[in-house]
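Following: one structure in structure tokens, then a few remarks.
Chain letters run A, B, ... following the sequence lines, proteins first, then strands; residues in each count from 1.
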2 protein chains.
Amino acid sequence: MVDRPDAGAPVRDDRDDGAPPRPPAEPRPPSMADVAARAGVSHQTVSRVVNAHPSVLPGTRERVLAAIDALGYRRNSAARALVTRRSGVLGAITVGGTDYGPTSTLLELEDAARAAGYVVTVATLRRGDEASIGHALDRLLDVGVEAVVVVAPTVGVAAVLEHVRASVPVLLVSSWVAGLQGGPRPVGVHAVAVGQQEGARLATEHLLAAGHREVVHLAGPQDWFDAQDRVAGWREACAVAGVRTRAPITSGWDAADGYAAGRRLLDEGVPSAVFAANDQLALGLLRALAEAGVRVPEDVAVVGFDDEPGAAFYSPPLTTVRQDFAALGRAALETLTAALAGGDPADVVLTPQLVVRASSHRPS
Amino acid sequence: MVDRPDAGAPVRDDRDDGAPPRPPAEPRPPSMADVAARAGVSHQTVSRVVNAHPSVLPGTRERVLAAIDALGYRRNSAARALVTRRSGVLGAITVGGTDYGPTSTLLELEDAARAAGYVVTVATLRRGDEASIGHALDRLLDVGVEAVVVVAPTVGVAAVLEHVRASVPVLLVSSWVAGLQGGPRPVGVHAVAVGQQEGARLATEHLLAAGHREVVHLAGPQDWFDAQDRVAGWREACAVAGVRTRAPITSGWDAADGYAAGRRLLDEGVPSAVFAANDQLALGLLRALAEAGVRVPEDVAVVGFDDEPGAAFYSPPLTTVRQDFAALGRAALETLTAALAGGDPADVVLTPQLVVRASSHRPS
DNA sequence: CCATATAGTCCTCCAAGCCCC
DNA sequence: CGGGGCTTGGAGGACTATATG
């Protein structure tokens, strides 16, 4: 229901000086001054109305709102950001393409951000190398984000964060402690995470409790903090149970990697239990085992990580570790708002949850 | 390597009038004027340098760059956007949570946008109802996006687009023609898509060519343009082959929906071929069939849509329709840049590709 | 050819003005 | 006549563009 911008607008009294005729200025969106003129008030009053300031008479407010509606006015975010020094924009860098974990985290983060009145600008990277992250960060800072969230960080962020020098708060969605061992954490850098190590421990303990004497780990790329943490949790659980470990099989995050690892296990000797670092790896593994006629869970028990949407429908349905991405997104935003308010919020670590399905049912 | 902002900065000669002492202003990021002062030039010259304007002496440029580096200056995007009327930001609305299609499209769009110097602000909606889309659009326009991309549109966008009245170009990633039947397309609204109807036809024809006399369609939610188009393609292929169709089984997009549909088929009578509207539906269907001891492809042939990352590793590996999301993202961005340049780019429809795997191998 | 001054962008904050009781 | 509620005008804010030295 938006009228044409100039419908009924008061005629501007162009000064009749000998100034050269202006070029036929391309249609400029209506400004606060236009609204003010139409409503017969000052631009300041219009500002008060749009910012819900109390000191405006109901009648005046009505007139202003009518003018706003008639002109189709929207306030100019650039001018607003310029003077308030606040853009209302958060930046998010995610690594890992369309993988379920990063995608869900971003989704929930954006949801929480929207609820808090922010908007999220993204840089979705395929690879987490230093250069990519550096460029992405630069871009985001260039467009004036108030804070940056790095989802699914790889070791490359460490070096990059030195460079940023905390011109805005930075939030890592990752277990920091395990990540950047050694160096002190730069100021202005915070962290929230679901306990990856704990999740891996849960998965491994589940298999060990079922009587398996060895749990092979199919690990993710080791330049990911999360992948490192999952290795650590697996190792820890095995150590506590006094079970020996072979070196984890390291690869990417994809089903194809899981399939390749499965082939390798079939060659080298199939263990009775495998903990895969994510569900896609587990899916590929399941496929390799099925092709070889190895039964799951009768011959091999398999556990994944993520509980991605299809996991309950794999063959067999996959036991896995679920992360509460919604809670993670909320925690991320709370941390960020606290940091933006000048505080120094503590890190948050959420607890993951084991979801038991058919792929791990029977001990050998 | 960023010095503290005021290191070595020239002392400002505060005027000695009786003005009240300013409050200890919170540390303001360095402005162009600060850089200019430090480099001993005017702010305009600094502007020239950062915008790679030719008319600057090499020596001057050096001094300015040194000052920029020393102060850790970055240009203020708000001020820049204010005067140029260009934010460098595109808005993207996606519907469908973490589903592979929308996610991939967004990823590739962002990639193309970055290459073109844009940054993308997202609103990731779970549901595509009118209110959600309307709010999301409002938010994006409020932060000053130059154009809006709507990924995976549902019928709700139609009404919303009336409302927007083309204050910025809008791009639908969807087959428009099939979508908003009837009403004329609003000006400033463009469309790019992978031919959904064609993809569905390819899938159905593949099954029919293998000798199946009936292809049951497991459809997606019918408030999605894409779901409607896939139904149309399936129907068209069946009609051409002179094969009768039962009403498609309509549901959501999830594996659980596919599973439920599978159970229903098991009750009502299992056809020899099923075309599922996406891979997750097919996955759920495969699971239901496997549980009932129905073999795929021996007893039932199954084809999906999307070729999501795990599809090649389902049991059995899934025949499906692949969409070139990278090309889609590029096409989207080309269309948008053309529209922003004042043109009226024609719609783009890309061709999908059938990927044949084990799930459809044998005719009955 | 290079550099500077000046105007203009649109908004928010601050101080001052108006009005009416 | 003075005060509170409502409104106004003017001063930035950081940058680009258009003349001017």
Nucleotide [N], atom [atom2] - distance to [atom1] of [X] in whole Å:
X	N	atom1	atom2	result
B:Asn51	D:dA17	CG	P	7 Å
A:Arg61	D:dC6	CZ	C1'	13 Å
B:Ile68	D:dA14	CD1	P	16 Å
A:Leu82	D:dC15	CG	P	9 Å
B:Gln44	C:dA3	CD	C1'	9 Å
B:His53	D:dT18	NE2	C1'	11 Å
A:His43	D:dG10	NE2	C1'	8 Å
A:Asn76	C:dT12	CG	C1'	12 Å

Open item on the list: Using modelled atom types and a 3.5 Å cut-off, is there a donor and acceptor pairing between side-chain atoms of A:Ser132 and backbone atoms of A:Gly128?
Closed with: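 Checking the backbone N and O of A:Gly128 against the side chain of A:Ser132, no donor-acceptor pair under 3.5 Å is found.
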TODO: Please check if the side chain of A:Thr337 supplies one atom and the backbone of A:Leu333 the other of a donor-acceptor pair under 3.5 Å.
DONE: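 Such a contact is found between A:Thr337 side chain and A:Leu333 backbone.
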Among [options], which nucleotide has an atom closest to any side-chain atom of [X]?
X	options	result
B:Leu57	C:dT4, C:dA3, D:dT8	C:dA3
A:Ser31	D:dA19, D:dT16, C:dC10	C:dC10
A:Arg80	C:dC11, C:dG8, D:dT8	C:dC11
A:Ser55	D:dC6, C:dT12, D:dC15	D:dC6

Side-chain N or O of [X] less than 4.0 angstrom from OP1 or OP2 on [N]?
X	N	answer
B:Ser47	D:dA17	no
B:Thr60	C:dA3	yes
B:Arg28	D:dG13	no
B:Tyr73	D:dC15	yes

Task: Distance-only side-chain donor-acceptor flag, A:Asn51 / A:Arg80, under 3.5 Å - done: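 Result is yes, a qualifying pair exists.
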TODO: Examine the side chains of A:Thr121 and B:Thr121 and answer whether a donor and an acceptor come within less than 3.5 Å of each other.
DONE: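 The criterion, which ignores hydrogens and geometry beyond distance, is satisfied for B:Thr121 and A:Thr121.
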- [ ] Give a yes or no on whether a donor-acceptor pair under 3.5 Å exists between the nucleobase atoms of D:dA14, that is its base, and the side chain of B:Arg75.
- [x]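 Such a pair does not exist between side chain and base.
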Open item on the list: Both B:Thr84 and B:Arg48 contact DNA chain D. Which one's nearest nucleotide lies toward the 5' end?
Closed with: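 Comparing both residues, the 5'-ward one is B:Thr84.
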Open item on the list: If you assign each of B:Val41 and B:Ala79 to its closest nucleotide in DNA chain C, which residue comes earlier from the 5' end?
Closed with: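 On the 5' side of the pair lies B:Val41.
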Task: Gap separating the CG atom of B:Leu82 from the OG atom of A:Ser77, nearest 0.5 angstrom - done: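 With rounding to 0.5 Å, CG (B:Leu82) is 9.5 Å from OG (A:Ser77).
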